Amino acid sequence: MVNDLQGEANMSPMVGMLYSAVKENSQRLQLITKDMSQEEVDYKGPDGSFNSTAQLMRHILYVDLNWVYRMKGEPLPHSLQEQYGPMIDVNNRLPMIQGKSLNMLISEYEEVLSMLKDICTQLQDADLDRVVTFGHENEKQATIRWGLWHMADHNRYHQAHINLLRKWYAEHSPSK
């Protein structure tokens with residue numbers, strides 16, 4: 001297999017390259033979480049104070065979902081905010097997620113990736129220059145180009161946390 005950042009046939013070259021970076025990282029996320037038990041998906045570290053894999057995966061999904069709607073030029077529908085949000089809880093932490101199966105988390109994320117693919121087939125490379133707002137209060141600005149890059153980078157960033165949780169779980173799991 002040859003790794004490459006070539007987009008889909010019906011995408012503009014730069015849009016396709018950025019989309020493929022997001023897609024590749026989503027595939028890697030599935031690979032590094034493969035065969036996790038429910039106990040491991042919900043595991044919050046040796047002292048229980050870290051975000052679980054479930055929380056991190058939901059967070060990745062919610063960040064990406066928000067970017068999809070920014071790219072569409074539409075607000076995130078309230079129904080999706082209710083279903084997948086909020087971004088952070090009242091304590092400024094990722095919301096608690098427990099008992100949600102890995103298959104369900106992956107399936108939900110694949111729906112967001114499908115939405116991203118749809119919007120990327122509609123974008124032209126020139127659209128990457130469009131500026132959108134983001135942040136907890138839409139206080140920041142970025143181009144669509146940066147947003148697509150950020151989706152890939154953000155996913156990969158949290159994969160490192162998941163890998164650390166997996167290491168800790170293997171070392172400290174009560175079910176060992």
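Throughout, residue positions are numbered sequentially from 1 according to the sequence presented. In this text, all values refer to a predicted model and were calculated from it rather than measured experimentally. These values consider heavy atoms only, across backbone and side chains, with no hydrogens, waters or symmetry-generated copies.
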Nearest 0.5 Å please: distance from the [atom1] atom of [X] over to the [atom2] atom of [Y].
X: Met151; Y: Ser26; atom1: CE; atom2: OG; result: 9.5 Å
X: Leu65; Y: Gln83; atom1: CG; atom2: CD; result: 9.0 Å
X: Leu102; Y: Thr33; atom1: CG; atom2: OG1; result: 4.5 Å
X: Leu80; Y: Glu82; atom1: CG; atom2: CD; result: 10.5 Å

Quick check: closest heavy atoms across [X] and [Y], and the distance to 0.1 Å?
X: Gln38; Y: Lys100; answer: NE2-O, 3.1 Å
X: Glu110; Y: Gln30; answer: OE2-NE2, 3.2 Å
X: His161; Y: Leu56; answer: CB-CD1, 3.6 Å
X: Ser12; Y: Leu123; answer: OG-O, 3.5 Å
X: Pro86; Y: Pro95; answer: O-CG, 3.1 Å
X: Leu116; Y: Leu148; answer: CD1-CD2, 3.8 Å

Worksheet item: Is the closest basic N to carboxylate O distance between Arg156 and Glu24 below 4.0 Å?
Response: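 Judged by the 4.0 Å cut-off on N to carboxylate O distance, Arg156 and Glu24 do form a salt bridge.
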Counting only N and O atoms by type, is there a donor-acceptor contact under 3.5 Å from the side chain of [X] to the main-chain atoms of [Y]?
X: Gln55; Y: Ile97; result: no
X: Arg166; Y: Ile32; result: yes
X: Glu108; Y: Ile106; result: no
X: Asn10; Y: Thr121; result: no
X: Asp89; Y: Met96; result: no
X: Ser20; Y: Gly16; result: yes
X: Asp42; Y: Glu39; result: no

Worksheet entry | Listed partners of Pro46 passing side chain to side chain contact (heavy atoms under 4.5 Å, CB included), at least two apart |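 Only Tyr43, Trp168, His172 meet the side chain to side chain contact (heavy atoms under 4.5 Å, CB included) criterion with Pro46.
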Are any non-hydrogen side-chain atoms of [X] and [Y] less than 4.5 angstrom apart?
X: Val22; Y: Trp149; answer: no
X: Met71; Y: Val132; answer: no
X: Leu128; Y: Leu18; answer: yes
X: Met11; Y: Lys117; answer: yes

Does a donor on one side chain sit under 3.5 Å from an acceptor on the other, for [X] and [Y]?
X: Gln159; Y: Asn163; result: no
X: Asn25; Y: Tyr157; result: no
X: Gln141; Y: Thr133; result: no
X: Ser49; Y: Asp47; result: yes
X: Gln122; Y: Lys72; result: no

Practice prompt. Classify the angle between the aromatic ring planes of His59 and His158 as parallel (below 30°), tilted (30 to 60°) or perpendicular (above 60°).
Written response: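 The arrangement is perpendicular - the two ring planes meet at more than 60°.
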Practice prompt. Check whether more than 12 heavy atoms from other residues, nucleotides or ligands sit under 6.0 Å from atom CD of Glu137, and answer yes or no.
Written response: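 It does not: Glu137 CD has 12 such atoms or fewer within range.
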Discussion item. Tell me whether Met87 at atom CE has more than 12 heavy atoms from other residues, nucleotides or ligands lying less than 6.0 Å away.
Written reply: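 Counting neighbours around CE of Met87, more than 12 heavy atoms of other residues, nucleotides or ligands fall under 6.0 Å, so yes.
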Practice prompt. Report the C-alpha separation of Tyr84 and Asn66 in whole Å, then their side-chain angles, then the decisive distance to 0.1 Å, and conclude whether the side chain to side chain donor-acceptor pair (under 3.5 Å) test is met.
Written response: CA-CA 10 Å; Tyr84 297 118; Asn66 275 276; over 6 Å; no
Practice prompt. Answer with yes or no after comparing the ring centroid distance for Trp67 and Tyr62 against a 6.0 Å cut-off, counting only values under it.
Written response: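 Judged by ring-centre distance (under 6.0 Å), Trp67 and Tyr62 do not meet the cut-off.
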Worksheet item: In a check of side-chain contact (heavy atoms from CB on, under 4.5 Å) between Met57 and each of Ile162, Asn155, Asn51, which one passes?
Response: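 Between Met57 and the candidates, side-chain contact (heavy atoms from CB on, under 4.5 Å) is satisfied uniquely by Ile162.
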Item to complete: For side-chain contact (heavy atoms from CB on, under 4.5 Å), just list the numbers for Ile144 and Asp127, CA-CA rounded to whole Å, side-chain angles, deciding distance to a tenth of an Å, and then say yes or no.
Response: CA-CA 7 Å; Ile144 298 293; Asp127 295 321; 5.8 Å; no
Discussion item. With side-chain contact (heavy atoms from CB on, under 4.5 Å) as the criterion, how do His150 and Arg145 come out once you've worked through the C-alpha distance, each side chain's angles and the decisive distance to 0.1 Å?
Written reply: CA-CA 9 Å; His150 176 69; Arg145 178 185 305 101; over 6 Å; no
Practice prompt. In sequence, state the C-alpha distance, the side-chain angles, and the governing distance for Ile119 and Tyr69, and then conclude on side-chain contact (heavy atoms from CB on, under 4.5 Å).
Written response: CA-CA 9 Å; Ile119 191 68; Tyr69 275 86; over 6 Å; no
Discussion item. For residues Leu164 and Met36: do they belong to one hydrophobic cluster (side chain heavy atoms under 4.5 Å, members Ile, Leu, Val, Met, Phe, Trp, Tyr)?
Written reply: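 Yes, because Leu164 and Met36 connect within a single hydrophobic cluster, where side-chain heavy atoms sit under 4.5 Å apart.
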Discussion item. For Tyr169 and Ser37: C-alpha separation, side-chain torsions, deciding distance, then whether side-chain contact (heavy atoms from CB on, under 4.5 Å) applies.
Written reply: CA-CA 11 Å; Tyr169 183 81; Ser37 67; 3.6 Å; yes
